[in-house]
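Contents: one structure, followed by commentary.
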Amino acid sequence: MKINFIPIDYDYFDFEGKNYAKIIGRDDKGKRVCIIDSCPNYLWAILKEKITSKKIDSLIKKISKIELNEKGRKTKVEKIEIKDKMFMGKKVKALKIFATNYKDLHSIASSLDFKEIEKRRGYDLGYVSHYIIEKKINPLRWYEISGEILNNSLEYGGIDSVLEVDLCFKLENSKEIEDKKFKPKVLAYDLETDGLKIGGGEILMVSLAGENFKKVITWKKTTKKKPDYVEYVEDESELLEKFVENIKKYSPDFLVGYHSDGFDLPYLKARADKLKIRLPLGLDGTPPKFSRGMVLSGKIKGITHVDILKFIRTAYSQYMQSETLSLNEVSKEFLGDNKKEFQIKHSSEITNSDWLDYYEYNLHDSILTLGLFEKFWPDLLEFSRVIQEPTFDISRNGLSKQVENYILHNLEKHNEIPEKRPTHEDIGKRRHMKSVEGAFVYEPKPGLYENIAMFDFTSMHTSIIISMNISKGTLLPKKEKNSFESPEVEYEGKKKKFYFSKEQGFIPLLLKEILEKRKKYKAEYKKNPNKITLARSNAFKLLSASVHGYIGFFGARYFSIESSASILSFVRKFNIETIEKVKKAGHEVIYGDTDSIAFLMNTKSEKQIKELLAKLNSELPGVMELELEDFFKRGLWVTTRSGKFGAKKKYALLDKKGKLKIRGFETVRRDWCPLARKIQNKIIKQILEEGNSKKSLKYIKTIIQKLKDRKIDKEDLIIKTQLKKPLSEYLSITPHVFAAKKMEEQKIPIDEGGLIKYYIAETEGKSKLVRDKVKLPNEKGIYEIDYYLNKQILPAVENIFQVFDINIQETIEGKKQTTLGEF
DNA sequence: GGTCCCTAGATACC
DNA sequence: ACAGGTATCTAGGGACC
C-alpha cells in the first residue's frame, strides 16, 4: 500500500534489543499515520596515520569479536567497513563499526581500546537525529511511502494496537515528493488555578481553542446563565478527565501553551498525580513526561507539545518592541489583541458574576496562544525543514543548538565524521578560559550634528569567517606560508597571531551556503512575497548570524576559542581601518560600534558618499561588504554622566523621512519611569527636528512645575525592574528587591523573572536610602518630588542640554543666566 | 555625616 | 548552560576622614 505522508512527531522504542523509530504524521487526507522504521547503527573509529592494511585487518578481526551485555541486552559488533572519510577537514581512514543497538555505541566505543585507533566518534547524537540523518525522513516534508500495514499485529510487541492512529505502517520504501499543502491541527490550552506554585492549589478551569472550537471546562459554577462554550463538571478530577477527552476528540498535531513547559503542563501533571489520575494524553495512552535539566520540557507522545513562549524568546525577542515577553504584550505586538481585563483573585474571593468574566478571560488566553502559534507557524515549519529536527526540539532549542543541528545534518555531503560533544571536564575548562577581547567602539564627540552618513558591514562576523576560512578544523598549529593570518590577539597572556588554512573548511563552506540561501530567499521574497519564503529567509538569516556565537560557545562541538578570538580581531581591524579611510577621505567620524561607522557628509553629495562606499568595498577581501545604512538629517551624541567622555552606545538620529532612531538613551530603557522616558523622548525629538533646544527648555520647565505641583499621574512614576533571581540570593538590597519583599509580605504573587513595580514616596523616616521610600503601586502615598526631579527627570535630560552649554540644574534653580541667547 | 571607591545589579547595543 | 563582549547607569555598602 502506498500513501503520501508528512512526518510531525518523532520518537523511538526498543524491541528485542533493537531500535525502531516511531514517527507520527498525517497522510494527505488528514488521517493520522504512524510509521515504524529502523536504520543502521554505527560509530566511527578514526585510525592513526600510516597503519598498514595488515594491521587494519587484524584490528578488524579483534573488533568483530566485541560482544557486550548491557542492561540485560546483548549487543555486538555486526559489521565493519573501512572508509575514506574526512575529520575536521582532514582526510582520514576510519572504520565504520555497526552494532546492534544505538544506545550501546557508547559502551562499544569504550571498549575500543586499541593503539591503532586515534579517535572514536559519531555515537553521541540523539537517536532521532541519527535516524533522520540516515534515512532522510525529514520533518514536515512530504513523502510517498509504502510498507506493510500493522493491524493489531504482534510485531514489535503489539505496539500498534495501543496507538490511537488511523494507520500504522512498517516502512519499506519512501521517496520525497513535491511539497503539498499542509495545515496542522492545532489546539491551544490555558489553565487558571488557585496558586502559582506548581500543583499548589486547585485547577479552577482550563480553556481550549482550535479552529472553530472553543471551550472552557470548569467546576466553578455560577447561577447566572453560562455561555455555550463553558462546560460544567463536578470537580477537579472530572475537569482533568474532560480535558483529556476533549484533546483526544480534537486530535491535534500540536498542543500549544504559553509558558506551558514551566507552568500549565507540569501543573496538570502535579494535580493529576495528587488526585491519582493518569492523564493519558499520549497517543499510546502515556502521561506527559518532563525532561530533566534546568528548564523543563513537557513531552506528550505522538502530539507535539509546543511552548510558544520559548520559540518566540529564541527566534524573535531580539527583533521585538515589547519590553516583556508576557502573553499580553507579545499578543499586542503580533496580533494587535490584548488579554481580557480581569483582576485575578483567589477563588474564595470571586463572586458569582465574576466567574463569567473569568471564563472569558481564560478562553481568551487560549485564543491568543492559538493566534501566536498561527503567526509563527511558518517559522516553526521552515526552521524544522531547514535544520531537519522535529518541531518539538526546534521550538525549544537555543540558537547555538540550532546551528549545531544544522551542521550535524549537513556533514554527510562533506564526507565529514561528526566531532564529539564536549564532556563536563571540557566544558569546565572552556568556561575558565580568559574571555577573548570583543569588538571596538569609537568614542563619540558629543554634539548635535547635521547631515550624517552611516555605513555598516553586512553580516560582519559571518563574512569574516567565510572570507578568512576560520574554524576549528582550518586552524593551523603554526604559521604557514599562504595562509590567512589574524591580527595580533591577546591569548593566554601573550600577544599572538593565528593562522588558518586556505584549503576550504567545511564550516566556512556551510556558512557560505547559508548566506547564499539567505540572499536567494530574500530576493525571492521581494519578487513574490509570501509567508513561507520570508520564514525560510529568516531561518537562514538567524542561522548565519548565530555561527560566530556558536563557535565561541563553550557547549559547542565545534567550539574554538582561537577562531572566536581571530574573528573578533578581524572585526576590530576592519572597523578601525574603515574609520581611518573615511577620515582620510576628508570626513569627520562621529561614531562607530563593532560593524558600523557614522560620519559627517560635509559638502559631499549622496552620490559622492556612495562612490566612497564603492571604493571602500573594492578594497575589502572575500565576501566582505560594507553597505549604506542610511543618510540622516541630524544626530545627537552626549557625554557620559560624569561629563568627561562622549558616551558610547547612546545616540539619536533623525532620518530624512522624519523617523527617529534612538539607541541606549534612558527613553529606551524599561527601568526608568515613564515620565522620564516620555520627557526625554520628546526633547530628543524636538531637538533633532528643530536643530536647537529652545522649545525643549520651555517644555522641561513646565513639566518640572507640574511635578512640583503634584500634578503628575502616578502611573507615569512607576518604576519597573526585573527580579532576575530568587530573593534570598541577592547580596545587596536594592529598591526593587525591597519592593519584591514587600510583595511577598502582602502575598502578592511574584512570577519568575517578572517585573517588580514600585514608586518612590514621601516617608516619615529620615533614612536616605531609596529603598526605604519604596511603595508598591497599590499602597497609598504621595510621590517624592525630590527623587523624581533629581534622580529621574534631570538625569535623563541634563546631558542633552549640556550639548547646548545649558546647565539645566542651575537653569531650573535660576542661579545662572543661560546661554540661550546663542540661539 | 559626608566623600570616595567599589561592587552588584539591570539593561542596552551589536 | 543553551551568544557573549562592550558599555552605561543607579543604589548600596564599606572604608575613611
Side-chain angles (χ1 to χ4, degrees), chain A residues 293-295 297 310 313-314 317-319 323-324 393 396-405 421-422 424 427-428 430-431 433-444 456-457 459-461 542 545-556 559 561 564-565 567-568 571-572 575 591-596 629 638-642 644-651 661-673 676 719-725 729-738 753 755-756 760 766-774 787 790-792 795-796 799:
Chain A
M294 280 280 289
V295 220
S297 299
K310 282 191 175 164
R313 185 184 288 143
T314 45
S317 63
Q318 59 184 127
Y319 307 106
E323 279 174 12
T324 70
D393 305 277
R396 288 173 176 79
N397 287 341
L399 290 173
S400 62
K401 194 91 203 166
Q402 314 273 34
V403 169
E404 184 151 289
N405 281 331
R421 230 174 12 214
H424 267 287
I427 290 180
R430 292 174 181 186
R431 295 190 67 192
M433 286 175 175
K434 219 175 136 234
S435 60
V436 298
E437 187 183 347
F440 166 77
V441 188
Y442 186 90
E443 188 192 320
D456 61 14
F457 283 91
S459 311
M460 193 185 205
H461 300 76
L542 211 58
S546 306
V547 172
H548 168 245
Y550 171 76
I551 289 173
F553 168 53
F554 49 77
F559 170 84
I561 192 105
S564 187
I567 294 162
L568 288 160
V571 167
R572 292 189 294 272
N575 198 23
Y591 184 59
D593 184 349
T594 309
D595 58 357
S596 69
E629 155 80 23
V638 298
T639 64
T640 60
R641 176 74 59 238
S642 72
K644 286 179 194 145
F645 314 98
K648 297 170 177 179
K649 301 194 183 282
K650 241 179 154 175
Y651 59 89
K661 176 173 172 167
I662 302 180
R663 294 288 121 99
F665 273 107
E666 285 76 1
T667 188
V668 300
R669 295 182 59 94
R670 69 172 182 201
D671 55 349
W672 282 69
C673 75
I719 297 163
K720 295 178 218 156
T721 312
Q722 197 186 12
L723 196 67
K724 304 189 92 166
K725 54 188 183 185
E729 284 176 26
Y730 280 90
L731 295 174
S732 67
I733 310 303
T734 53
H736 84 290
V737 174
F738 192 76
L755 288 187
I756 304 297
I760 303 304
K766 280 183 288 182
S767 172
K768 288 215 162 162
L769 294 178
V770 177
R771 66 168 176 237
D772 290 327
K773 301 177 207 166
V774 161
Y787 174 82
N790 293 315
K791 300 290 178 181
Q792 292 279 333
N799 298 331

Mind checking if A/F440 touches a base, just sugar-phosphate, or nothing, with heavy atoms under 4.0 Å?
nothing
Would you say A/Y730 places a side-chain N or O within less than 4.0 Å of OP1 or OP2 belonging to B/dA10?
yes
Go through the N and O atoms of the side chain of A/R669 and the base of B/dT11, and report whether any donor-acceptor pair is under 3.5 Å.
yes
With a 4.0 Å cutoff (strictly under), does any side-chain N or O of A/R663 reach OP1 or OP2 of B/dC14?
yes
Would A/E666 and A/K650 count as a salt bridge (charged side-chain N to carboxylate O under 4.0 Å, His left out) if you check the C-alpha gap in whole Å, the side-chain angles of each, and the deciding distance to 0.1 Å?
CA-CA 9 Å; A/E666 285 76 1; A/K650 241 179 154 175; 3.4 Å; yes
Give A/K650 one of three labels, base, sugar-phosphate or nothing, depending on what nucleic acid heavy atoms sit under 4.0 Å from its own.
sugar-phosphate
Could you tell me whether A/K401 contacts a base, only the sugar-phosphate backbone, or nothing, with contacts defined as non-hydrogen atoms closer than 4.0 Å?
nothing
Heavy atoms from C-beta onward define the side chain here; which of C/dA3, C/dC9, B/dA10 lies closest to that of A/T721?
B/dA10
Would you indicate what A/K766 reaches in the nucleic acid, counting non-hydrogen atoms under 4.0 angstrom: base, sugar-phosphate, or nothing?
nothing
How many Å lie between CZ on A/F665 and P on C/dC9, as a whole number?
10 Å
Measuring from the side chain of A/S435 (C-beta onward, heavy atoms only), which nucleotide among C/dG5, C/dG12, C/dA7 has the closest atom?
C/dG5
Name the closest nucleotide to the A/K725 side chain, picking from B/dG9, B/dC14, C/dC9.
B/dG9
Among B/dG9, C/dT8, C/dA3, find the nucleotide with the atom closest to the side chain of A/S400.
C/dA3
Is there a donor-acceptor pair under 3.5 Å between the side chain of A/R641 and the backbone N or O of A/P795?
yes
Just compare C/dA11, C/dT10, B/dG9 and give me whichever is closest to any side-chain atom of A/L731.
B/dG9
Compute whether any side-chain donor of one residue and acceptor of the other, for A/S596 and A/D456, lie under 3.5 angstrom apart.
no
Mind checking A/L769 for me? I need base, sugar-phosphate or nothing, with any heavy atom below 4.0 Å counting as a touch.
sugar-phosphate
Could you state the CG-P distance from A/D393 to C/dC2, rounded to the nearest angstrom?
18 Å
Distance check, P atoms only: C/dA1 and C/dG5, in whole angstrom units.
16 Å
Against the side chain of A/F553, the closest entry in B/dC14, C/dG4, B/dT11 is C/dG4
Name the nucleic acid region contacted by A/Y591, choosing base, sugar-phosphate or nothing; use a 4.0 angstrom heavy-atom cut-off, strictly under.
nothing
Does C/dA7 have OP1 or OP2 under 4.0 Å away from a side-chain N or O of A/Y651?
no
NA contact type, A/Y550, heavy-atom cut-off 4.0 Å: base, sugar-phosphate, or nothing?
nothing
Using the side-chain heavy atoms of A/V441, tell me which of these nucleotides is nearest: C/dA7, C/dC9, B/dC14.
C/dA7
Is A/V436 touching bases, backbone alone, or none of the nucleic acid, heavy atoms closer than 4.0 Å?
sugar-phosphate
Side chains of A/T721 and A/R670: does their closest heavy-atom pair fall under 4.5 Å?
no
Has A/K773 got its NZ or CZ under 6.0 Å from the middle of the six-membered ring of A/Y787, at an angle within 45 degrees of the ring axis?
no
Regarding the side chain of A/P795, the nearest nucleotide among C/dA7, B/dT11, C/dT10 is C/dT10
Of the nucleotides C/dG12, B/dC14, C/dA3, which one has an atom closest to the side chain of A/R771?
C/dG12
Would you say the side chain of A/R572 lies within less than 4.5 Å of the side chain of A/T594, judging by non-hydrogen atoms?
no
Within the structure shown, what part of the strands sits under 4.0 Å from A/H736 by heavy-atom distance: base, sugar-phosphate, or nothing?
sugar-phosphate
Could you tell me how far apart A/M433 (CE) and C/dG4 (C1') are, to the nearest whole angstrom?
15 Å
Would you call the rings of A/Y591 and A/Y651 parallel, tilted or perpendicular, taking 30° and 60° as the class edges?
tilted
Expressed in angstrom and rounded to an integer, what is the separation of A/I567 atom CD1 from C/dG5 atom P?
13 Å
Under 4.0 Å between any heavy atoms, over every strand shown, what does A/K310 touch: base, sugar-phosphate, or nothing? Just pick one.
nothing
When we call it a touch if two heavy atoms are under 4.0 Å apart, what does A/F559 touch: a base, just sugar-phosphate, or nothing?
nothing
Would you mind telling me which residue lines up with the more 5' stretch of DNA chain C, A/K649 or A/I733, judged by nearest nucleotide?
A/K649
